Amino acid sequence: MQEYIEKAKVLVEALPYIKEFSGKIVVIKYGGSAMVDERIKASVIQDIVLMKLVGLKPVIVHGGGKEISAMLSKIGKESLFVNGLRVTDLETAEVAEMVLSGKVNKDIVQLIQNHDLDAVGISGKDAKTLKVSKKEIDGYDVGYVGDIDKVNTGLIETLLNHDFIPVIAPVGTDDQGDTYNINADYAASAIAGALSAEKLIFLTDVEGILRDVKDSASLISRIPVQDVPKLIDEDIISGGMIPKAECCAWGIKQGVKRVHILDGRLEHSVLLEVFTKKGIGTMFLS
Ligand SMILES: Nc1ncnc2c1ncn2[C@@H]1O[C@H](COP(=O)(O)OP(=O)(O)OP(=O)(O)O)[C@@H](O)[C@H]1O
Ligand SMILES: [Mg+2]
């Protein structure tokens with residue numbers, strides 16, 4: 001009996017959070033190894049399903065860098081990165097779209113639907129949700145990498161209003177109708193800002209932002225957004241963490257109330273963050 005009373009207490013503890021966030025939009029950027037390990041994948045999906053069932057409005061924006069690299073290597077193409085962004089020629093853009101919009105997106109949709117909820121997979125191309133222009137980086141041409149100019153939220157809002165969970169692949173088009181690969185962190189942040197989301201959560205394959213990437217005990221729990229450029233300049237934040245940290249800062253600047261980087265490898269990290277007092281990962285402050 002005691003065991004059941006303890007379980008009931010856990011549910012009651014979540015009540016204030018359920019009340020606070022009911023009806024609110026939470027954008028989850030799902031990427032890294034949290035998307036590769038099947039057990040972890042199942043736990044992330046369970047968290048999202050539970051969120052939806054208790055009245056929150058989750059929106060998923062996914063990455064798929066590892067899957068794109070794996071597919072490119074199958075066709076004998078090397079993956080190159082500049083400042084954490086994939087150098088994307090026409091062939092790479094086509095492979096990225098196939099992997100993201102085709103495989104990764106529909107896998108996530110199906111995993112959600114296995115729980116009897118309805119998810120709809122779209123890419124930023126659908127209903128011109130993500131309008132982009134070519135990303136300019138000093139001294140480099142990274143090819144078909146898009147900078148988001150505008151998020152047209154109509155389709156996402158229609159899906160949310162009809163109780164679907166939107167699952168969005170980070171692919172967009174420019175004014176000429178060319179296809180661009182978008183770093184999913186930018187897509188998530190732009191979408192969260194445009195939807196005036198309550199929370200923006202980046203699930204990745206590290207504990208959060210670490211002072212020393214090799215030392216998981218060096219987690220920085222709170223970062224004021226004005227410190228981000230300095231941490232990048234000092235090379236504390238590097239590689240794939242550069243766009244993510246920039247997007248966290250950008251999320252806060254766009255008015256998203258709470259922005260977090262969480263360890264997607266930790267089982268139920270989303271539930272821990274949203275429905276308990278436990279502070280995990282890195283939280284960004286204005
Ligand atoms: N200071 C830092 N703290 C933590 N991780 C860091 C830091 N600097 C660089 N990194 C790297 O950033 C990586 C996370 O970014 P990455 O782009 O690889 O994953 P993701 O964005 O979650 O997935 P995807 O790109 O597929 O969407 C970590 O695995 C780590 O190697
Ligand atoms: Mg990344």
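For the numbers below, each heavy atom of this structure counts, side chains included, while hydrogens, waters and symmetry mates do not. Given the structure is predicted, the values throughout are model-derived calculations rather than measurements. For ligands, and for the atoms within them, numbers begin at 1 and follow the listed sequence.
- The I236 neighbourhood of ligand 1 comprises atoms 1 (N), 2 (C), 8 (N), with distances under 4.0 Å to a heavy atom of that residue.
- Contacts with ligand 1 closer than 4.0 Å are made by side-chain heavy atoms of V213 only, the backbone lying farther away.
- Not one N or O of A184 is nearer than 3.5 Å to an N or O of ligand 1, by distance alone.
- Within the structure, ligand 1 has G208 among the residues with a heavy atom less than 4.0 angstrom away.
- Contact annotation for K244 and ligand 1: only side-chain heavy atoms (C-beta onward) come within less than 4.0 Å of the ligand.
- Taking a 4.0 Å cut-off on heavy atoms, K29 registers as neighbouring ligand 1.
- Looking at Y30 next to ligand 1, no N or O pair under 3.5 Å apart turns up.
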Please walk me through it: do N114 and Q110 pass side-chain hydrogen bond (donor to acceptor under 3.5 Å, both in side chains)? CA-CA 6 Å; N114 289 345; Q110 190 52 49; 2.9 Å; yes
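- K52 and D118 are not joined by a salt bridge, as no carboxylate oxygen comes within less than 4.0 angstrom of a charged side-chain nitrogen.
- Between the side chains of T204 and R265, no donor N or O sits under 3.5 Å from an acceptor N or O.
- Taking every non-hydrogen atom of I209 and a distance limit under 4.0 Å, the qualifying atoms of ligand 1 come out as 3 (N).
- Sorted by first and then second residue, the salt bridge (charged side-chain N to carboxylate O under 4.0 Å, His left out) pairs with a member in residues 192-202 read E198-K257, E198-R258, K199-E273; sequence neighbours excluded.
- Within the set G65, A245, G63, the minimum heavy-atom distance to atom 26 (O) of ligand 1 is found for G65.
- Residue D205 has at least one heavy-atom neighbour below 4.0 Å for each of these atoms of ligand 1: 14 (C), 28 (C), 29 (O).
- Using modelled atom types, one finds no donor on one side chain facing an acceptor on the other under 3.5 Å when comparing D263 with S269.
- Electrostatic pairing of E13 and K9 does not count as a salt bridge here, judged by no charged N lying under 4.0 Å from a carboxylate O.
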Which atom pairs, one a donor and one an acceptor, fall under 3.5 Å between side chains of residues 246-254 and the rest of the protein, sequence neighbours left out?
{"from": "E246", "atom 1": "OE1", "to": "Y186", "atom 2": "OH", "distance (Å)": "2.6"}
{"from": "Q254", "atom 1": "NE2", "to": "S189", "atom 2": "O", "distance (Å)": "2.9"}

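- An N or O contact shorter than 3.5 Å links L210 to ligand 1 by distance.
- If you number the atoms of ligand 1 from 1 as listed, the ones under 4.0 Å from a heavy atom of T204 come out as 14 (C), 19 (O), 20 (P), 22 (O).
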